[in-house]
Amino acid sequence: MGYLNGWRKLPHWFIHNGFRSIPVSNGALGMGCIGYPGHPAWEVTSTCNLRCIHCHALSGRPNPNDLTTDEAKKFIDDLAEVEEFRALVYTGGEPLVRPDIFELLRHSRDVGFANIIATNGTLIDEEMAFKLKEHGVVCNAISLDAADRDMHNFIRNSPVVFDLVLRAIEATKKAGILLQLNATAMEITMPYLSDLIDFADMNDAAIMLMYQLVAVGRGEKIEEVTLKKTTNQQLSDLIASKQKDISTIVEPVAGPQYWPHMLEEKGWNNNILLRIAETVFHGCSAGRGFVYIKANGDVWPCPFVEVTAGNVRRMSFKRIYEESDVFVNLRNREDRLKGRCGECRYRTLCGGCRGRAWAYTGDYMAEDPRCFIKK
């Protein structure tokens with residue numbers, strides 16, 4: 001990636017964040033959408049203290065069907081049976097509103113997981129940050145959609161959330177927890193993203209996940225602001241251009257065309273170079289490295305692929321993960337993708353966004369309707 005992007009600050013990143021990022025990367029030997037290889041994210045609660053306009057999880061009020069404390073601990077034990085899993089992402093909802101969150105963090109730490117919190121940042125002050133560190137949290141992934149107070153507050157439906165996020169960023173750094181920023185790219189936020197990437201770099205974020213809005217959950221109601229084909233390409237160009245001069249790693253989510261686009265821009269078009277690239281770039285990771293567990297125990301291949309492969313209340317997680325048709329199909333996508341994605345030479349390197357395919361067709365193996373790769 002450093003070579004393809006001309007990443008001048010790769011040595012700086014490696015010195016300051018390389019070793020600290022090892023627990024967060026979960027043993028990854030390459031880059032893929034959200035996380036690669038084995039990368040479980042658990043929607044630990046459906047409750048949230050915000051009502052963001054683009055929330056894929058429809059988070060809000062407490063749901064009595066969320067896993068209980070005992071069920072949650074049993075699930076964590078089952079998760080630990082999968083050897084490739086070394087980190088556990090706690091997401092939601094807002095994970096910090098769950099009353100037993102520290103009991104669960106302590107349990108997952110004790111069974112050997114590095115804990116990661118994906119949070120809206122509103123509840124993290126200095127005291128909370130140090131308490132999270134004590135409970136095995138190695139990374140705070142804080143959501144920030146614009147380095148502009150009014151825009152971020154508009155998206156998050158709150159007049160104060162931007163300032164609370166700034167507090168969370170400073171508290172995270174003071175506690176010595178790795179800082180990650182998560183952003184959601186939409187047509188309405190595209191003008192703000194260049195400044196946001198600079199903001200992440202100026203605040204020493206080691207990682208930035210640049211999600212694209214997928215029209216699921218509340219995002220379905222604002223489908224008109226999902227990125228179009230041309231904007232998808234513009235976002236890829238922006239990320240590649242900004243990466244040259246910043247230390248923060250910016251990784252696209254729901255935009256796996258980024259990797260073949262980089263190769264084509266560099267002229268890596270022959271099959272030998274493509275095979276080399278496939279060893280480190282893995283594109284869409286839904287069901288083939290990434291797994292998403294809902295608050296009620298349903299197991300999905302991705303937060304944007306709303307297909308249940310099984311429920312941990314009724315079946316062991318390991319069996320669901322290894323044997324269900326959904327995961328088998330996605331692990332063998334090269335032979336099972338449909339349409340242009342099935343015919344594409346980049347079906348291993350990229351594979352198209354399975355979440356977008358699902359959102360627009362109801363078929364998670366269909367072609368990605370926002371792909372801009374022409375060859």
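The figures that follow rest on heavy atoms only: side chains count, while hydrogens, waters and symmetry mates do not. Numbering of residues begins at 1 and proceeds along the displayed sequence. Nothing here was measured: the structure is a model prediction, and the numbers come from that model.
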Strictly by modelled atom types, are [X] and [Y] linked by a side-chain donor-acceptor pair under 3.5 Å?
X: E187; Y: T231; answer: yes
X: E94; Y: N49; answer: no
X: S46; Y: D66; answer: yes
X: Y90; Y: S108; answer: yes
X: N120; Y: T122; answer: yes
X: H16; Y: D204; answer: no
X: S316; Y: D78; answer: no
X: H261; Y: D237; answer: yes
X: N140; Y: Q180; answer: no
X: N296; Y: R313; answer: no

From [X] atom [atom1] to [Y] atom [atom2], the distance as rounded to the nearest 0.5 Å:
X: F317; Y: F75; atom1: CZ; atom2: CZ; answer: 6.0 Å
X: L196; Y: D148; atom1: CG; atom2: CG; answer: 10.5 Å
X: H56; Y: C302; atom1: NE2; atom2: SG; answer: 8.5 Å
X: D145; Y: I155; atom1: CG; atom2: CD1; answer: 4.5 Å
X: L67; Y: K73; atom1: CG; atom2: NZ; answer: 13.5 Å
X: Y360; Y: R356; atom1: OH; atom2: CZ; answer: 8.0 Å

>> As a quick check of understanding, evaluate side chain to side chain contact (heavy atoms under 4.5 Å, CB included) for F290 and V305, giving each step before the final call.
In response: CA-CA 11 Å; F290 186 82; V305 180; over 6 Å; no
> Which salt bridge (Lys or Arg N to Asp or Glu O under 4.0 Å) pairs, counting each pair once, include a residue from residues 115-128, with sequence neighbours left out?
Replying inline: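 Salt bridge (Lys or Arg N to Asp or Glu O under 4.0 Å) check on residues 115-128 returns E126-K174.
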> Do the numbers put K244 on top of the ring of W7, so that NZ or CZ is under 6.0 Å from the six-membered ring centre and no more than 45° off the axis?
Replying inline: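 No, K244 does not sit over the ring of W7.
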> On the ring face of Y346, is R340 found with NZ or CZ under 6.0 Å from the centre and within 45° of the axis?
Replying inline: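 Output no; distance or angle outside limits.
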Are [X] and [Y] side-chain neighbours, meaning at least one heavy-atom pair lies under 4.5 Å?
X: V160; Y: N153; answer: no
X: E251; Y: Q243; answer: no
X: I197; Y: T248; answer: no
X: T308; Y: W300; answer: yes
X: F281; Y: P256; answer: no
X: R336; Y: N332; answer: yes
X: R156; Y: I53; answer: no
X: W259; Y: P252; answer: yes

>> Among L88, L79, T91, exactly one meets side chain to side chain contact (heavy atoms under 4.5 Å, CB included) together with W42. Which residue is that?
In response: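 Of all the options given, the one that passes is L88.
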> Does R51 CZ have over 12 foreign heavy atoms under 6.0 Å away?
Replying inline: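 It does: R51 CZ has more than 12 such atoms within range.
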> More than 12 heavy atoms of other residues, nucleotides or ligands under 6.0 Å from NZ of K74: is that the case?
Replying inline: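 Counting other residues, nucleotides and ligands, NZ of K74 stays at 12 neighbours or fewer.
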>> Tell me if the aromatic rings of F19 and F14 count as close, with their centers under 6.0 Å from one another.
In response: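 So the answer is yes for these two rings.
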> Does H39 have its ring centroid less than 6.0 Å away from the ring centroid of F85?
Replying inline: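 Ring centres of F85 and H39 not closer than 6.0 Å.
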Do you reckon [X] sits in the same ILVMFWY cluster as [Y], going by side-chain contacts under 4.5 Å, direct or chained?
X: M208; Y: I22; result: yes
X: M190; Y: L213; result: no
X: M1; Y: L10; result: yes
X: M186; Y: I239; result: no

>> Applying side chain to side chain contact (heavy atoms under 4.5 Å, CB included) to E322 and F327, what does each step give before you reach the verdict?
In response: CA-CA 7 Å; E322 294 180 350; F327 285 90; over 6 Å; no
>> With salt bridge (Lys or Arg N to Asp or Glu O under 4.0 Å) as the test, pick out the partner of E223 among R370, K228, R218.
In response: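 The single option meeting the salt bridge (Lys or Arg N to Asp or Glu O under 4.0 Å) with E223 is R370.
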>> Quick check: closest heavy atoms across V312 and V299, and the distance to 0.1 Å?
In response: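 Shortest heavy-atom contact: CG1-CG2, 3.8 Å.
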>> To check you understand the geometry: which heavy-atom pair defines the closest contact between Q257 and G352, and what is its length?
In response: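 Shortest heavy-atom separation between Q257 and G352 comes out as NE2-CA, 4.0 Å.
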>> Under 4.0 Å between a side-chain nitrogen and a carboxylate oxygen: does that hold for D245 and K9?
In response: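 Looking at D245 and K9, the cut-off is not met.
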>> Please determine whether a side-chain nitrogen of the Lys or Arg among K294 and E43 lies less than 4.0 Å from a carboxylate oxygen of the Asp or Glu.
In response: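 Salt bridge: yes.
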Do side-chain atoms of [X] reach the backbone of [Y] as a donor and acceptor pair under 3.5 angstrom?
X: R354; Y: Y364; result: yes
X: N115; Y: L105; result: yes
X: R333; Y: C284; result: yes

> How are the rings of F304 and Y211 set relative to one another: parallel (under 30°), tilted (30 to 60°) or perpendicular (over 60°)?
Replying inline: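 Rings of F304 and Y211: perpendicular, over 60°.
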